[in-house]
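Below is one structure, written out as structure tokens; comments come after it.
Position 1 is the first residue of the sequence; numbering continues from there. Keep in mind it's a predicted model, so treat the numbers as computed, not measured. Read the numbers this way: they start at 1 and go in the same order the structure lists the ligands and their atoms.
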Amino acid sequence: MVLVCPVVRPSEAVSGEVPSTFIFPTQTVFLGLNRSDYMFQLSADGSPVLRQIEINTISASFGGLASRTPAVHRHVLSVLSKTKEAAKILSNNPSKGLALGIAKAWELYGSANALVLLIAQEKERNVFDQRAIENELLARNIHVIRRRFEDVSEKGSLDQDRRLFMDGQEIAVVYFRDGYMPSQYSLQNWEARLLLERSRAVKCPDIATQLAGTKKVQQELSRMGVLELLLPGQPEAVARLRATFAGLYSLDMGEEGDQAIMEALAAPNRFVLKPQREGGGNNLYGEEMVQALERLRDNEERASYILMEKIEPEPFGNCLLRPGSPARVVQCISELGIFGVYVRQGDTLVMNKHVGHLLRTKAIEHADGGVAAGVAVLDNPYPA
Ligand code: ADP
Ligand code: MG
């Protein structure tokens, strides 16, 4: 599969072939607010091993709410006089770390009056998660405005130096909390995205970083030799990263893809079929996966999917609290997300650190789906 990027860096632009408006201009500061998600696979000897589910490079959410959940569980345990247990709940404050990344990018952009532009959805259900980060920024005297793609297309503009302006105010950082699903891109929204992309503002993420978060790239990174190429002379780092990879298989036309399909059809419960989508609810499992693979087997469309080994964590009993539902213990599994922030200026890595975690827990009968899909609930790790 070819991932097409609508923006071309100057070094890649062949004179006369690329319209000058498409040439990547002057963005020199890059900001990543990522969340890498893992499950604990039960290994043959019974010990749990961390396996990566995916990495999110756009709109990685729940850093705000995950900053609040330790206090909720500590409170519940304190009400039950379980003071010792309450003290064991880990502290967690990803909203502060994410905000510090945005603040660093804002500072390096270097314009004291510039704002942060948060691209929000029309009907935003996760606003409180986002506000936690906005409030951390405001506490550092950095102001955030919330606008939709439509607003950008109507009121956004670039000056001759490709500085981005919204409603007449300069924008230092664009933080996308929209724009990760095809349905979020009308023609007008594509135009707005292109305008933002062409600006010198720091995009979180820029289009290349968004594409780096696709399942296809995750699968290609797992090929032997690729990490070695990206981390030359660091065999230990390569080994530690690779140890977290599950089996990932290309479905490109050819022998390798044919073999992967055969294996998945022979043992459907061991695999997940993934399209290039974000936001939950798009993966195919079991009988649905079998039907899709049979339909796609001789079709080039199959290359737009990848196959992944299914991770099987050991289930445990827990209560998933929901308004209106009685509390009862059900069998659950959890997914651990680790928030990572990096800021790069030119070739210099200015910041690269882990800033907190997210634990989501769901009942075992749900193969797919996260918190937004109404399947998983926010949780806290509890060190035994
Ligand atoms: P999305 O980008 O839609 O969030 P994910 O790859 O995170 O896609 O998959 C969505 C959910 O499906 C995950 O949160 C996890 O619960 C489940 N899932 C995904 N991949 C696997 C896998 N390999 N094994 C087990 N469960 C998986
Ligand atoms: Mg996910």
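Side-chain contact between L229 and L227 is absent, with no heavy atoms from C-beta onward closer than 4.5 Å.
Other members of a hydrophobic cluster containing F316 are absent, since no ILVMFWY side chain comes under 4.5 Å of it, directly or through relayed contacts.
The Mg ion (ligand 2) has E54 OE2 as its protein N, O or S neighbours under 2.8 Å.
Taking CD1 from I261 and CG from L307, the interatomic distance works out to 7.0 Å, rounded to the nearest 0.5 Å.
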Using a cut-off of under 3.5 Å, which N/O atoms of ligand 1 pair up with protein N/O atoms, and what distance separates each pair?
unit_1   : atom_1 : unit_2 : atom_2 : d
ligand 1 : 2 (O)  : E54    : OE1    : 3.1
ligand 1 : 2 (O)  : E54    : OE2    : 3.3
ligand 1 : 2 (O)  : K215   : NZ     : 2.5
ligand 1 : 2 (O)  : E278   : OE1    : 3.0
ligand 1 : 3 (O)  : G279   : N      : 3.4
ligand 1 : 3 (O)  : G280   : N      : 2.6
ligand 1 : 4 (O)  : E54    : OE2    : 3.1
ligand 1 : 6 (O)  : K274   : NZ     : 2.6
ligand 1 : 7 (O)  : E54    : OE2    : 2.9
ligand 1 : 8 (O)  : K215   : NZ     : 3.4
ligand 1 : 9 (O)  : N283   : ND2    : 2.9
ligand 1 : 12 (O) : Y285   : OH     : 3.0
ligand 1 : 12 (O) : D368   : OD2    : 3.1
ligand 1 : 14 (O) : E335   : OE1    : 2.6
ligand 1 : 14 (O) : E335   : OE2    : 3.3
ligand 1 : 16 (O) : E335   : OE1    : 3.3
ligand 1 : 16 (O) : K362   : NZ     : 2.7
ligand 1 : 18 (N) : Y285   : OH     : 3.4
ligand 1 : 20 (N) : K274   : NZ     : 2.9
ligand 1 : 23 (N) : E309   : O      : 2.9
ligand 1 : 24 (N) : I311   : N      : 2.8

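In this structure, R193 is positioned above the aromatic face of F176, its NZ or CZ under 6.0 Å from the six-membered ring centre and within 45° of the axis.
The aromatic rings of Y185 and F149 sit tilted, their planes meeting at an angle between 30° and 60°.
Residue I102 is grouped with residue L118 when hydrophobic side chains (ILVMFWY) are merged at heavy-atom distances under 4.5 angstrom, including chains of intermediate members.
Side-chain contact of S95 with N93: a donor-acceptor pair under 3.5 Å is present, judged by distance alone.
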Tabulate below the donor-acceptor pairs under 3.5 Å that side-chain atoms of residues 103-112 make, not counting sequence neighbours, or state none.
unit_1 : atom_1 : unit_2 : atom_2 : d
K104   : NZ     : E107   : OE2    : 3.4
W106   : NE1    : A114   : O      : 2.9
Y109   : OH     : E170   : OE2    : 2.5
S111   : OG     : E170   : OE1    : 3.2

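A salt bridge does not link E335 with K362: none of the charged nitrogens is closer than 4.0 Å to a carboxylate oxygen.
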